[in-house]
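A short worksheet on the structure shown next.
Counting begins at 1 with the first residue of the sequence. Just so it is clear, the model here is predicted, and its values are computed rather than measured.
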Amino acid sequence: MSSPSHGQEDQLGDVELEQEYVSMLYGRLDDLREYTSKRLSEVLRQTGGTPQARTERDASTSMYSDQLTQLSAVENGLCFGRLDFEDDGRFYIGRHGLFDKDKEYEPLLMDWRAPAARPFYLATAASPEGVRRRRHIRTKRRTVVSLDDEVLDLTSAAQGRREGLTGEATLLAALNASRTGQMSDIVATIQAEQDRIIRSGLNGVLVVQGGPGTGKTAVALHRAAYLLYTHRRQLAKRGVLVVGPNATFLHYIGQVLPSLGETGVLLSTVGELYPGLTATGAESPHAAAIKGRIEMAGVVAAAIKDRQQVPTEKRPVEVEFEQDVLRLDRRTCTQARSRARRSRQPHNQARRLFVREMISALAGQVANRLGRHLLDQADLDDIRRELREDEKVRAAIDRLWPVLTPQELLADLFSSPARLATAARHLSEEERALLVREPDAAWTPADVPLLDEADELLGEDDEAIKARQARERRQEIDYAQGVLDILDLDDEADPEMLLATDLVDAAGLADRHENRSHETAAERAAADRTWTFGHVIVDEAQELSAMAWRTLMRRCPSKSMTVVGDIAQTGDLAGTTSWSEVLSPYVADRWRLEELTVNYRTPAEIMAVAADVLASVDPALVPPTSVRETGVAPWHRRVEPADLAATLPGIVAREAAAVGEGRLAVLLPGGSIDSLGAAIAAAVPDIAVGTQPDGLETRTVLLTVGQAKGLEFDAVLIVDPDTILAESVRGRSDLYVALTRATQRLGVVHTDELPALLGGLHPADDVEAA
Ligand SMILES: Nc1ncnc2c1ncn2[C@@H]1O[C@H](COP(=O)(O)OP(=O)(O)OP(=O)(O)O)[C@@H](O)[C@H]1O
């Protein structure tokens with residue numbers, strides 16, 4: 001509600017006044033951009049100097065480029081609010097702090113994350129915190145288009161604003177707007193219960209539990225921006241990781257942080273956390289669920305032990321060496337293996353000890369045959385060296401204790417029922433059979449935590465480390481050569497002036513860049529499996545398996561984490577329905593819980609239907625309260641199974657037309673995407689089938705419920721709810737997720753009797769007639 005005390009004329013006058021102020025702010029922003037860009041070019045042009053000067057220059061380069069990125073990002077909606085206080089003070093609130101350099105840096109615009117900006121989100125008529133009026137300023141590009149005032153006194157509170165909502169008109173305008181396929185930031189309309197979570201302290205594990213549409217994802221991302229602003233020094237170095245369920249979801253949320261001026265955050269799925277590997281393989285949900293169990297950590301450890309072999313009593317290892325046959329018997333090998341294992345080093349590093357013991361044993365045999373008394377220390381050293389370099393000796397030792405990469409270990413394990421039987425003996429035969437795969441099959445997302453576990457237990461052998469270092473050094477030199485080439489391309493350079501290559505060669509420049517100052521923490525983190533983050537945010541956290549949690553906890557030893565999710569929406573068989581169950585192995589009961597209760601996405605009419613489904617998942621679960629109604633009744637239509645393929649394209653086309661500029665999602669059972677997808681795609685323009693990162697920007701998209709998790713659309717059409725319910729033991733949760741994706745319209749097409757759970761839907765003919 002716009003302030004009743006303000007007439008239309010006042011508003012017009014105010015709009016002009018605010019436009020003046022907003023234009024002044026944009027002028028200041030332009031000045032700042034120009035200044036920063038100039039400084040950056042100056043720094044980039046400087047060369048030479050002492051090592052300290054170079055370090056300072058690197059720091060200035062990254063500071064100015066970061067500032068420039070931030071200043072470019074805040075163009076849209078730079079200023080969105082104003083607070084007027086009882087004592088006649090006032091200030092403006094926006095995406096970025098701006099100061100008046102001519103007036104002792106007096107604030108012109110307060111960053112929304114600054115402590116002083118908090119009353120903009122928290123002040124209420126009942127507790128105004130000295131605020132007289134809160135004004136929401138809506139802009140389009142650089143033009144002020146409207147204002148929404150709230151007067152925070154109890155009389156105006158009694159007159160009608162809905163209790164508990166901040167900036168109601170602006171909020172409802174944002175919620176009613178058509179979706180674009182990309183999530184937007186909510187910085188102008190953060191609600192009080194969300195603000196408290198966004199600004200909660202950095203330390204410890206914070207769990208944010210909330211029903212669908214309560215803004216968990218939005219809150220998690222704004223929290224990342226807030227934490228980076230408030231604890232920049234601490235977090236910029238180690239970076240922040242945001243984990244999401246799949247690439248489509250990451251694409252959907254990908255613009256939110258950049259629009260808030262934050263680019264140093266790594267967005268990743270758990271499946272992408274193993275550098276150099278893309279987990280594109282698919283497998284049955286049951287196989288993935290087994291791989292997600294915590295017992296799999298023991299299976300990986302056992303699989304490694306199983307590769308540390310000793311010969312049988314009767315058949316010692318025989319090695320040909322210089323026309324002689326040397327023997328490694330069971331006792332010698334067992335002793336060497338025990339010593340190597342006792343070192344508690346990872347397999348590939350402990351191997352050094354094993355090799356040393358084996359070479360000693362073999363050298364002893366050679367010395368005895370040559371006549372030990374004839375040999376001095378130098379001879380013995382020679383014998384050891386020759387043994388080490390001998391191909392056959394090396395091969396024999398490799399068979400007993402091979403150098404292994406995580407990929408080799410797991411590919412060998414899963415392609416061998418015998419190896420699986422040894423390492424995973426507590427699994428049933430049927431469970432083991434589900435894990436068997438071809439040796440060269442593609443890796444699946446559920447394999448990634450196992451690879452991570454294996455990497456931890458295998459470690460890297462020295463040769464691999466040396467090879468990697470050499471590779472990295474070559475990359476540094478290539479990068480440095482590129483920099484030199486660019487610098488020397490300047491054709492306006494004075495011919496008398498020394499070229500950069502006259503001063504330093506690529507190897508020399510690479511030395512200076514050894515600390516990779518040109519990469520952000522997020523970029524370095526993405527390339528390094530052992531990177532540990534300053535803060536980790538996990539979205540749709542209910543879907544993570546126990547093994548995935550183990551991987552993530554390894555990446556965050558400080559346990560500074562924000563975990564957001566909804567245990568009523570768990571669809572993955574490996575997922576959880578209890579936060580305490582997944583967190584207690586790592587932090588016992590030292591985690592704090594915050595709950596979100598208001599649904600900003602799903603209108604009340606649709607939520608009433610979803611509430612029945614939720615009650616069937618667990619009667620104790622409480623659905624979130626919808627913030628708005630649309631007046632559009634959700635409908636159902638029965639179609640004979642034989643007619644489905646012929647009828648559905650028409651229904652989809654009608655819904656796509658009804659949604660106008662908005663987005664429509666057709667949610668189908670997993671098994672139907674292929675069979676029904678082609679017919680629908682042929683009849684409906686601008687359509688995407690299945691997950692493609694930018695598929696959400698098409699007007700219509702066909703997805704399974706699992707693929708639609710975390711996403712939202714103006715209209716949703718659910719096809720064949722019976723099969724969605726039957727497809728998984730978590731079918732009811734899946735249906736609940738499907739129903740709660742819509743912001744405006746919902747329809748359900750079924751081929752059998754309407755499931756009783758969906759009794760709240762209205763027959764399509766009644767809805768059309770109305
Ligand atoms: N304070 C707010 N102002 C404006 N829009 C909001 C606000 N809070 C949430 N929204 C919008 O509500 C929708 C749902 O938010 P979000 O996706 O974060 O919910 P969620 O709790 O993660 O949902 P789900 O559990 O279904 O994934 C989004 O469009 C988001 O932008």
Side-chain angles (χ1 to χ4, degrees), residues 25-75 78 95-102 105 108-109 111 228-229 232-233 235-239 257-266 471-527:
L25 290 174
Y26 276 108
R28 177 86 187 107
L29 181 69
D30 290 340
D31 290 348
L32 264 177
R33 281 183 191 155
E34 201 184 312
Y35 169 81
T36 315
S37 157
K38 256 198 204 140
R39 296 290 301 134
L40 180 61
S41 325
E42 277 165 24
V43 178
L44 283 175
R45 246 180 264 130
Q46 291 164 12
T47 51
T50 61
Q52 194 195 340
R54 289 197 297 264
T55 311
E56 280 166 14
R57 219 161 46 220
D58 282 347
S60 305
T61 309
S62 68
M63 181 184 80
Y64 288 127
S65 11
D66 284 354
Q67 280 177 4
L68 210 54
T69 312
Q70 283 179 358
L71 294 170
S72 313
V74 297
E75 171 72 28
L78 172 66
R95 285 165 189 273
H96 195 276
L98 292 176
F99 301 89
D100 189 345
K101 65 176 180 348
D102 300 328
Y105 287 88
L108 296 171
L109 185 67
D111 190 300
L228 279 163
Y229 172 86
R232 191 162 304 276
R233 270 198 163 173
L235 294 181
K237 216 158 109 207
R238 304 269 6 131
L257 282 163
S259 77
L260 298 172
E262 297 298 347
T263 48
V265 175
L266 178 65
R471 220 169 36 242
E472 282 172 0
R473 175 77 185 155
R474 271 198 308 280
Q475 280 166 359
E476 287 292 348
I477 294 177
D478 287 349
Y479 171 79
Q481 189 59 56
V483 171
L484 291 174
D485 292 347
I486 292 166
L487 292 176
D488 285 351
L489 272 181
D490 185 358
D491 13 303
E492 283 171 27
D494 180 347
E496 293 299 304
M497 207 173 85
L498 283 174
L499 287 178
T501 32
D502 297 330
L503 298 171
V504 61
D505 64 4
L509 190 60
D511 284 342
R512 294 181 195 171
H513 278 270
E514 218 160 32
N515 59 2
R516 316 190 73 140
S517 53
H518 52 283
E519 285 186 342
T520 63
E523 282 165 334
R524 273 179 283 153

Just verifying a value: how many Å separate [X] [atom1] and [Y] [atom2], rounded to the nearest 0.5 Å?
{"X": "Lys101", "Y": "Leu32", "atom1": "NZ", "atom2": "CG", "answer": "8.0 Å"}
{"X": "Leu108", "Y": "Leu29", "atom1": "CG", "atom2": "CG", "answer": "11.5 Å"}
{"X": "Arg45", "Y": "Leu40", "atom1": "CZ", "atom2": "CG", "answer": "10.0 Å"}
{"X": "Met63", "Y": "Asp58", "atom1": "CE", "atom2": "CG", "answer": "12.5 Å"}
{"X": "Arg238", "Y": "Arg524", "atom1": "CZ", "atom2": "CZ", "answer": "8.5 Å"}
{"X": "Ser65", "Y": "Gln70", "atom1": "OG", "atom2": "CD", "answer": "11.0 Å"}

Please check: side-chain N/O of Arg28 versus main-chain N/O of Phe99, any donor-acceptor pairing under 3.5 Å? yes
Would the distance check show the side chain of Arg95 and the main-chain N or O of Gly261 forming a donor-acceptor pair, the cut-off being under 3.5 Å? no
Mark yes when over 12 heavy atoms from residues, nucleotides or ligands other than Glu42 sit less than 6.0 Å from its CD; otherwise mark no. yes
Shortest non-hydrogen separation from [X] to [Y] and the atoms involved:
{"X": "Pro258", "Y": "Ala73", "answer": "O-CB, 3.0 Å"}
{"X": "Ala526", "Y": "Leu266", "answer": "CB-CD1, 3.8 Å"}
{"X": "His96", "Y": "Leu71", "answer": "CE1-CD2, 3.8 Å"}
{"X": "Leu68", "Y": "Ser37", "answer": "CD1-N, 3.9 Å"}

Taking the side chain as everything from C-beta on, heavy atoms only, tell me whether Leu228 gets closer than 4.5 Å to Leu257. no
List in chain and number order the residues that pass side-chain hydrogen bond (donor to acceptor under 3.5 Å, both in side chains) with Tyr64, two or more places apart in sequence or in another chain; answer none if no residue qualifies. Arg39
